[in-house]
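Below is one structure, written out as structure tokens, with a few remarks after it.
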Amino acid sequence: MDWLVTTATFLVNEILSVPAYLIGLITAAGLIALKKPAGQIAGGAIKATLGFLLINAGAGSVVGSLEPLGRMIQGATGAHGVIPTNEAIVGIAQAQFGARVAWLMIVGFGLGLLLARFTPLRYVFLTGHHMLFMATLLTVVLATAGLPAWAVVTVGGALLAILLVSMPAFAHPWTKRVTRSNSLAIGHFGTAGYVAAGAVGQLVGRRSRSTEDMKLPEGLRFLRDSMVATALSMLLIYVTMAVVHLAKSGKRAAFEAFATGNGAAATDVGNYLMKAVMQGLQFGISVAVILFGVRTILAELVPAFQGIAQKAVPGAVPALDAPIVFPYAQNAVLVGFLASFTGGLCTLALLAWVLEPAFGLALVLPGLVPHFFTGGAAGVYGNATGGRRGAALGAFCNGVLITLLPAVLLKVLGAFGEENTTFGDADFGWFGSLIGFAAKAGTAGGIVLMLLAGAAVLAGAILVQKRVVEPGWDPGARRDALLPPQRTAPPDALAGTADTASTGSARDAGPRPYPKLPPPAGAPAPPPPPPPVD
């Protein structure tokens, strides 16, 4: 019998408790369930394992890059400052809670499929990295509150499952307004910002024209590259904090900011500033490594989950990542990003001057990546219900939320609140804070309060689904009634185009926002349209 105990101990301690191996086994199990070939099963499991090791490697580099920034922020402002970066905080947390995160994610996804199968909330959440992020947040919050591992996995899995089906339902009236169909939902934990943007659009933009009637500079489109946006935003933040720290604390204290870990203090002002530049770029590289690891895992894990979901919940609505709405209003994406970033800066000022002195909240510095993705999507939602004003003001509200809520969330993250980074998107902030404060009631009382909070969210989502989504309520119907009727494009704007006879109106031809332009002078006449088919 000794060999049996030894084998079981080995499996638990050396395999099932090692997150990288566990993720590989999960992936293999999913691919086996889909009856994939043996070679694809083995390759998928190995790639998922390597992806997890990449996350750990990137996380170590992120921690090293954030230490000098934390010193500079402390010296420049006298307050604790953080950069909300989901990938960074997840990578840091994996080192301590990786196995529990993996089990919680499995339990949450399985229970989410059951809820989708047996409740009116027939949404299958397929944004794998946000599933991983929320599983990590719940693990950190519950473990920090002192709950045992079994409670972290079971209670956290139930809460994750509730969010996976509930958040797409809350946003779905506005998502249908954006997409003009019921074929997909939003599966992204920035939902509170998107709903807020859609609601603000209803209030402020009844007669405002669409952002798609605007022409925006092409020079801003490079910010769509997340690696470039991360590196650029961090470079600017590092250099700004370095200059302020130098001016306030003097050379001696400022130069010592980089004497962390294996780093050496700066030797002069030029060396000090270039170290700040290098650390900003290094942070961008570290996050890129973590992102590559996450994508490597999800490239194998999500297809397995998706195949299982299709069999378990036939006819369900897939809930997909936020960029799925970007093509519906591309100008609104850039308007939303700029407005959200502005909202973040304004809220940062509020934190620095009022909330940090009064309540001890950390300073949350705006990063380009969360503001681009969540702010861009919020701009699309705001534009759908309120045109330009809705896109700008709705996304501004999103910027306020993703700056203020992470500051509150830090209060329930325990030691992870000192890591100079945290979770960035709106749903992580409000739900993590709600669960974290409920968990402070003790093990038994905390579990009861957390489950009651989850039940309230689930009941609210079912109510929205039955009373709002299924009856077909359109949040932009009043605006449509107030806008002037669509005008037919002038004849000369359509002259000489190939499909003049078949369209008659640029507006009637589909979603094109502009009338067609005439061909340049001297261009050959296009062939006539084909005769109608009897």
Side-chain angles (χ1 to χ4, degrees), residues 8 12-13 16-17 19 22 89-90 92-119 121 125 130-167 169-170 189 191-192 359-361 405-419 422-423 426-463:
V12 171
N13 293 339
L16 296 181
S17 296
L22 184 58
I89 189 65
V90 166
I92 294 169
Q94 292 296 336
Q96 186 173 349
F97 298 121
R100 273 175 277 186
V101 169
W103 284 114
L104 193 155
M105 184 175 172
I106 296 169
V107 171
F109 182 75
L111 292 177
L113 291 180
L114 291 177
L115 288 176
R117 182 68 178 84
F118 297 108
T119 71
L121 306 176
F125 197 101
H130 264 239
M131 202 185 308
L132 173 64
F133 297 163
M134 185 59 78
T136 304
L137 169 65
L138 292 171
T139 301
V140 170
V141 170
L142 299 182
T144 298
L147 269 66
W150 67 266
V152 171
V153 172
T154 55
V155 175
L159 295 174
L160 176 61
I162 288 170
L163 289 182
L164 294 183
V165 296
S166 298
M167 300 317 295
F170 285 127
F189 289 125
T191 302
F359 302 103
L361 296 182
L405 291 175
V408 178
L409 177 64
L410 287 169
K411 294 290 186 181
V412 300
L413 291 184
F416 286 91
E418 304 297 324
E419 293 290 352
T422 186
F423 296 89
D427 296 340
F428 298 120
W430 74 264
F431 192 72
S433 300
L434 176 65
I435 296 302
F437 287 117
K440 293 182 182 294
T443 301
I447 290 175
V448 170
L449 287 177
M450 287 185 287
L451 291 177
L452 286 175
V457 171
L458 182 64
I462 292 175
L463 184 65

Review point. What distance do L115 atom CG and F125 atom CZ have between them, rounded to the nearest 0.5 Å?
Key: 14.0 Å
Practice item. Quick one: pull up CG in L163 and CE in M134 and give me the separation to the nearest 0.5 Å. Key: 5.0 Å
**Study point:** Over all atoms of both residues, closest heavy-atom pair of V101 and Q94
**Key:** CG1-NE2, 3.8 Å
Practice item. Before giving the answer on side-chain contact (heavy atoms from CB on, under 4.5 Å), spell out for L121 and L458 the whole-Å C-alpha distance, their side-chain angles and the decisive distance to 0.1 Å. Key: CA-CA 9 Å; L121 306 176; L458 182 64; 3.6 Å; yes
Check your understanding: Once you round to the nearest 0.5 Å, how far does CG of L451 lie from CD1 of I447?
Key -> 7.0 Å
Check your understanding: Do you know which two heavy atoms are closest between F189 and H130, and how far apart they sit?
Key -> N-ND1, 3.0 Å
Check your understanding: For the rings on F431 and F423, is their centre-to-centre separation under 6.0 Å?
Key -> no
Using residues 406-414 as the side-chain source, report each donor-acceptor pair under 3.5 Å to any protein atom, sequence neighbours left out, with the distance given to one decimal.
from: K411; atom 1: NZ; to: F359; atom 2: O; distance (Å): 3.4
from: K411; atom 1: NZ; to: G360; atom 2: O; distance (Å): 3.3

Point to revise | CG-CG distance between L104 and L159, expressed to the nearest 0.5 angstrom | key: 8.5 Å
Point to revise | Close side-chain approach of I92 to F97, heavy-atom, < 4.5 Å | key: no
Exercise for review: Specify the closest pair of heavy atoms between L405 and G429, including all atoms of both residues, with the distance to one decimal.
Suggested key: CB-CA, 3.8 Å
Using atom types as modelled, flag every donor-acceptor pair under 3.5 Å from a side chain in residues 138-158 to any protein atom, sequence neighbours excluded.
from: T139; atom 1: OG1; to: A135; atom 2: O; distance (Å): 2.8
from: T144; atom 1: OG1; to: V140; atom 2: O; distance (Å): 2.6
from: T154; atom 1: OG1; to: W150; atom 2: O; distance (Å): 2.8

Review point. For the residue pair M450 and I435, what are the closest heavy atoms and their distance?
Key: SD-CG2, 3.3 Å
Practice item. Determine, stepwise, if the pair F133 / F428 fulfils side-chain contact (heavy atoms from CB on, under 4.5 Å). Key: CA-CA 9 Å; F133 297 163; F428 298 120; 3.5 Å; yes
